[in-house]
Q: 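Encoded as structure tokens, here's the structure I'll be asking about.
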Amino acid sequence: MKRVTIRVPATTANLGPGFDAFGCALSLYTDVTFEETEYGLEITGCDEEFAGPDNLAYTSYCAVLASLSEEIKGVKIHIESQIPICRGLGSSAALLVAGAMGANVLRGNKMSTQGLLNITNAMEGHPDNLAPAFFGGLTASMVDNGLPVTVNFPLHPEWQFLALVPDFTLPTHIAREALPAQYIRADAVYNLSHGAMVLKALELGDEKLLRTAMQDRIHQPYRKSMIADYDQIEGLIRTSGAAFCLSGAGPTLLCITRDPGLKDRLMKRLPAVTTQQWEVLPLHVEFQGACILDAE
Ligand code: HSE
């Protein structure tokens, strides 16, 4: 095989209290085509600043080939992405997953998906976006002895995810620098107990339980000051009866609801309480993880 296109879904990580552990695949996609050549690197479909050898699709492509002890020849990479960059919807994880899977497919699928997750997790540092990007659906992951272990959880079919995406970015490394190095026991207990309830509420479709459970003391309180309009939007969503959380490290905010009319009501009310431009994207859970879209 000379050429392959890999499709990877967007992902939302943390889901409130599940910091660095919970994630869910959503219905926006990055498609990346890899075509082996004799020599050199050509990357198209992204901004010039991302078209060099530190492009994440290329770095994970090389990492998988190195791990397979395969020769790294030339490659043309073309990226078509619907996932907003640097907004907390897994655009970086999607590139890492595409690169890892692209290399593996082109060289005869010698590595398992778990092997690809191990490699990309070592690159990203946490598996919460990577796991749902590889496996689809709702996932919880732990890292034990340096290796990620992931399980899928069931989800009630009526949930709608409304991603509120602002016109500004927040790089993940800056959002992580805002977090304390240590936490008090009460905050650890708060997140553990709320996290367990989030998974059950998502399974049952229990909006009231989800609204209560989807609160956090590990990351959101330290990040919200970096996100204009955070408190106003949280207030709007929570008083509507829906669940609210930061998507990944932000700045996208997430509303999870079973109310089909909520999107229109939110869009009507947002301008009155916000100072920035917010786009509301209605998304559904994507149960299929990364897959081959085309190959020849
Ligand atoms: N769990 C990560 C964080 C997700 O909140 O920093 C962003 O990659």
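In what follows, residues are counted from 1 in the order of the sequence shown. Here the structure is a predicted model, which is why all the values come from computation and not from measurement. Counting starts at 1 for both ligands and their atoms, in listed order.
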Q: Specify the protein heavy atom at minimum distance from atom 4 (C) of ligand 1: its residue, its atom name, and the distance to 0.1 Å.
A: Asp128 OD2, 3.6 Å
Q: Between Glu124 and ligand 1, find which residue part has any heavy-atom pair under 4.0 Å and reply side chain, backbone, both or neither.
A: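 For Glu124, no heavy atom sits under 4.0 Å from ligand 1.
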Q: What atoms of ligand 1 come within less than 4.0 Å of a heavy atom belonging to Asn14?
A: 1 (N), 3 (C), 5 (O)
Q: Is Arg107 salt-bridged to Glu71, cutoff N-O under 4.0 Å?
A: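 Salt bridge flag = no for Glu71 with Arg107.
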Q: Decide, yes or no, whether a salt bridge links Glu296 with Arg3 under the criterion of side-chain N to carboxylate O below 4.0 Å.
A: yes
Q: So, Glu207 and Arg258, do they make that salt bridge, N to O below 4.0 Å?
A: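 No salt bridge links Glu207 with Arg258.
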Q: Applying side chain to side chain contact (heavy atoms under 4.5 Å, CB included), run through Trp159 and Leu210 and close with a yes or a no.
A: CA-CA 11 Å; Trp159 289 119; Leu210 188 64; 3.7 Å; yes
Q: Using heavy atoms and a threshold below 4.0 Å, how should the contact between His173 and ligand 1 be classified: side chain, backbone, both, or neither?
A: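 Answer for His173: neither.
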Q: May I ask whether Gln220 places a heavy atom under 4.0 Å from ligand 1?
A: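 Per 4.0 Å heavy-atom rule, Gln220 does not contact ligand 1.
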Q: Could you list the atoms of ligand 1 found under 4.0 angstrom from a heavy atom of Phe19?
A: 3 (C), 5 (O), 6 (O)
Q: Output yes when Arg176 and Asp20 qualify as a salt bridge under the 4.0 Å nitrogen-oxygen rule, no when they do not.
A: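 Looking at Asp20 together with Arg176, the answer is yes, because their closest N to O distance falls below 4.0 Å.
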Q: What part of Asp20 sits under 4.0 Å from ligand 1 if we count only heavy atoms: the side chain, the backbone, both or neither?
A: both
Q: Note the single closest protein heavy atom to atom 3 (C) of ligand 1, along with its residue, its atom name and the distance in Å.
A: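 The protein heavy atom lying closest is Arg176 NH1, 3.2 Å.
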Q: Would you mind listing which atoms of ligand 1 come within a distance below 4.0 Å of any non-hydrogen atom of Asn129?
A: 4 (C), 7 (C), 8 (O)
Q: Does Thr172, backbone or side chain, put an N or O under 3.5 Å from an N or O of ligand 1?
A: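 No, since none of the N or O atoms of Thr172 sits under 3.5 Å from an N or O of ligand 1.
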Q: Salt bridge or not between Lys76 and Glu36? Use side-chain N to carboxylate O under 4.0 Å.
A: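 Result for this pair is no, no salt bridge flagged.
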Q: Tell me: protein heavy atom nearest atom 8 (O) of ligand 1, and distance?
A: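 That would be His126 CE1, 3.1 Å.
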Q: Give a yes or no on whether a salt bridge exists between Asp259 and Arg265, defined as a side-chain N under 4.0 angstrom from a carboxylate O.
A: yes
